[in-house]
Amino acid sequence: MKAELDTTVEDTDTRDISLPGGCILCGGDLDVRLSAGSAASVCTRCHWISRPHMKREDGAVHVIHPAGLLA
């Protein structure tokens with residue numbers, strides 16, 4: 001999934017991107033904030049909050065949601 005950077009961000013160390021259909025729970029739009037080497041995301045539809053891992057490769061941004069616990 002490719003996303004455009006939001007250029008209206010005031011702080012140069014923080015970037016906001018939106019991933020249409022990026023929520024793994026409901027398929028809603030996923031808003032992601034990148035800052036200081038970490039990422040935080042929230043779904044605009046179901047309000048799911050997560051700390052995804054982000055990876056840039058071949059001009060695309062890959063969002064990875066690792067398992068929080070093992071059963």
Side-chain angles (χ1 to χ4, degrees):
M1 200 177 283
K2 292 186 180 180
E4 299 284 329
L5 284 177
D6 182 1
T7 57
T8 61
V9 177
E10 295 174 11
D11 185 0
T12 58
D13 294 330
T14 303
R15 299 284 186 259
D16 291 335
I17 60 174
S18 182
L19 302 173
C23 180
I24 62 173
L25 295 180
C26 73
D29 294 346
L30 195 64
D31 290 335
V32 181
R33 174 160 288 171
L34 306 169
S35 63
S38 67
S41 66
V42 63
C43 174
T44 55
R45 186 188 300 166
C46 72
H47 306 287
W48 177 58
I49 299 170
S50 65
R51 291 255 179 221
H53 294 190
M54 306 287 289
K55 180 175 144 184
R56 229 180 190 178
E57 187 176 280
D58 300 327
V61 175
H62 300 272
V63 180
I64 304 155
H65 294 279
L69 299 171
L70 296 176

Could you measure the distance from the [atom1] atom of [X] to the [atom2] atom of [Y]? Nearest 0.5 Å is fine.
X     : Y     : atom1 : atom2 : value
Ser18 : Arg33 : OG    : CZ    : 12.5 Å
Ser41 : Asp29 : OG    : CG    : 12.5 Å
Leu34 : Asp16 : CG    : CG    : 8.0 Å
Cys23 : His65 : SG    : NE2   : 7.5 Å

Residue pair Val63 / Pro52: nearest heavy atoms and the distance that separates them: CG1-CB, 3.6 Å
Test side chain to side chain contact (heavy atoms under 4.5 Å, CB included) applied to Ile64 and Met54, step by step: CA-CA 6 Å; Ile64 304 155; Met54 306 287 289; over 6 Å; no
